[in-house]
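Report on one structure; see the data block that follows.
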Amino acid sequence: MSLTIWCNAKFSDAETRLLTEGTRAHTLVYASNASASVLVAGQADPALVGADIAFGQPDPAQCLALPKLRWVEVTTAGYTRYDTPEFQETFRARGSIFSNVSQVFADPCAQHVLAMMLALGRQLLPSHQDQLGDHSWQYSKRRYDSRLLTGQTVVMLGFGAIGRRLAELLAPFGMTFYALRRQTRSETGVRIVAETELTRVLPLADHIVNILPANPATNGYVNARRLACCRPTAKFYN
């Protein structure tokens, strides 16, 4: 069965050829206003009206108004614009699918957190700043202030694709991992905790990594009360 696939993402020539080849058995249509940035909210588009699948950043209100739309695949890991009860309930009621590309961003985000942990622990930022200035070599101070990741404790707020990849990258350091998640099923090498346990594990953390989805329920989640539970030397990554 041939489907109509709508897209408002602007890709490179090579990526566009891959998309065209992969959807050859179907009809691929592009929005009049396409964007190369996945952070740009899409506008309502006439071409979406006849589509079965939307790929990119479609307008949430238009998606709700089109019962023919079977599947929305966004080009981001985050999905704040679509994370509303109205959107979720409407899609669930009509059997439509909503998905994101968290796996695509798992490595970049996890590697960035790892890079910052190492940079902070090994005093790379002040060392680099010295080289941009007077080229001094603060050997004793940098050595005294440096720390090892080995054996430290990480508390992750949220545990999806990014959190899993981060745990994999940090595993060789022999760290202890706690992860807050609504579904408290077990995970290999990671201690899953419920929200009621969070104030117990925060004081154990050398590193707190916030990878919760942005929505009204998580806005302000890391507040003064929770920060007060953390040790003064803990590092926070948002």
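All residue numbers in this chain count up from 1 along the given sequence.
Residue F55 is grouped with residue I97 when hydrophobic side chains (ILVMFWY) are merged at heavy-atom distances under 4.5 angstrom, including chains of intermediate members. Connection of L66 to I53 is not established within any shared hydrophobic cluster, with ILVMFWY side chains joined at heavy-atom distances below 4.5 Å, either directly or through further cluster members. There is a path of hydrophobic side-chain contacts, each under 4.5 Å, that joins M175 to L118. Placement of L170 and V190 within a single hydrophobic cluster is found when ILVMFWY residues are connected by side-chain heavy-atom separations under 4.5 Å, directly or transitively. Residues L19 and L3 are members of one and the same hydrophobic cluster, defined by side-chain heavy-atom contacts under 4.5 angstrom among Ile, Leu, Val, Met, Phe, Trp and Tyr.
Scanning for side-chain hydrogen bond (donor to acceptor under 3.5 Å, both in side chains) contacts around E86 gives an empty result, with sequence neighbours left out. Legend: residues meeting salt bridge (Lys or Arg N to Asp or Glu O under 4.0 Å) with R94, ordered by chain and number and at least two apart, are absent. Residues meeting the side-chain hydrogen bond (donor to acceptor under 3.5 Å, both in side chains) test with T76, sequence neighbours left out: Q57. Under the ring pair (Phe, Tyr, Trp, His ring centres under 6.0 Å) criterion, Y139 pairs with W137, not counting sequence neighbours. With sequence neighbours excluded, the residues that form a side-chain hydrogen bond (donor to acceptor under 3.5 Å, both in side chains) with R142 are D130. Scanning for side-chain hydrogen bond (donor to acceptor under 3.5 Å, both in side chains) contacts around Q62 gives an empty result, with sequence neighbours left out. Under the ring pair (Phe, Tyr, Trp, His ring centres under 6.0 Å) criterion, F105 pairs with no residue at all, not counting sequence neighbours.
Taking 4.5 Å as the limit, every side-chain heavy atom of L180 sits out of range of all side-chain heavy atoms of V155. Side-chain contact check for W6 versus N8: some heavy-atom pair is nearer than 4.5 Å. For the pair C109 and I211, the minimum side-chain heavy-atom distance is 4.5 Å or more. Residues R225 and T199 are in side-chain contact: their nearest non-hydrogen atoms beyond the backbone lie under 4.5 Å apart. Taking 4.5 Å as the limit, some side-chain heavy atom of V154 sits within range of a side-chain heavy atom of M117. Here the side chains of F91 and V72 are in contact, with some heavy-atom distance below 4.5 Å. The shortest distance between side-chain heavy atoms of Y79 and N215 does not fall below 4.5 Å. Considering only heavy atoms from C-beta on, L157 comes within 4.5 Å of L198 through its side chain.
Residue pairs satisfying the salt bridge (charged side-chain N to carboxylate O under 4.0 Å, His left out) criterion with at least one member in residues 22-51, sequence neighbours excluded, are listed as follows: E21-R24. Within the structure, the salt bridge (charged side-chain N to carboxylate O under 4.0 Å, His left out) test picks out the following pairs touching residues 101-128 (sequence neighbours left out): D107-R165. Residue pairs meeting the salt bridge (charged side-chain N to carboxylate O under 4.0 Å, His left out) criterion with at least one member in residues 226-238, sequence neighbours excluded: E195-R226, D206-R231. Applying the ring pair (Phe, Tyr, Trp, His ring centres under 6.0 Å) test to pairs two or more places apart or on separate chains, those with a residue in residues 189-218 are H207-Y237. The ring pair (Phe, Tyr, Trp, His ring centres under 6.0 Å) contacts involving residues 154-193 comprise nothing, where partners must be two or more places apart or lie in separate chains.
Put simply, the side chain of N100 gets close to the backbone of A77: a donor and an acceptor are under 3.5 Å apart. Panel note: side chain N210, backbone L212; a donor-acceptor pair is recorded below 3.5 Å. Between the side chain of S12 and the main chain of E15, a donor-acceptor pair closer than 3.5 Å is present.
For the atom pair CG of L202 and OG1 of T153, the computed distance is 12.0 Å after rounding to the nearest 0.5 Å. Atoms CD and CD1, from Q103 and I162 in turn, are 9.5 Å apart once rounded to the nearest 0.5 Å. D52 contributes atom CG, which lies 8.0 Å from atom CG of L69 (distance to the nearest 0.5 angstrom). Note that CG of L48 and NZ of K68 are 10.5 Å apart. Values are rounded to the nearest 0.5 Å. Taken from NE2 in H112 to CG in L114, the straight-line distance is 11.0 Å, to the nearest 0.5 Å. Between E187 atom CD and R164 atom CZ the span is 5.0 Å, to the nearest 0.5 Å.
The local environment of NE2 in H128 is sparse, with at most 12 non-hydrogen atoms from other residues, nucleotides or ligands closer than 6.0 Å. Within a 6.0 Å sphere centred on CD of Q129, heavy atoms belonging to other residues, nucleotides or ligands number 12 at most.
Minimum interatomic distance between G78 and V74 (heavy atoms only, all atoms of both residues): O-CG2, 4.5 Å. Listed here is the closest heavy atom pair of L28 and C7: CD1-CB, 4.4 Å. In plain terms, the two heavy atoms of Q123 and S146 that are nearest each other are CG-OG, 3.5 Å. Minimum interatomic distance between G56 and A9 (heavy atoms only, all atoms of both residues): CA-CB, 4.5 Å. The shortest heavy-atom contact between A234 and A205 is CB-O, 3.6 Å. Across L166 and M156, no two heavy atoms sit closer than the pair CD2-SD, 4.0 Å.
Using cut-offs of 30° and 60° for the angle between ring planes, the F87 and Y82 rings count as perpendicular.
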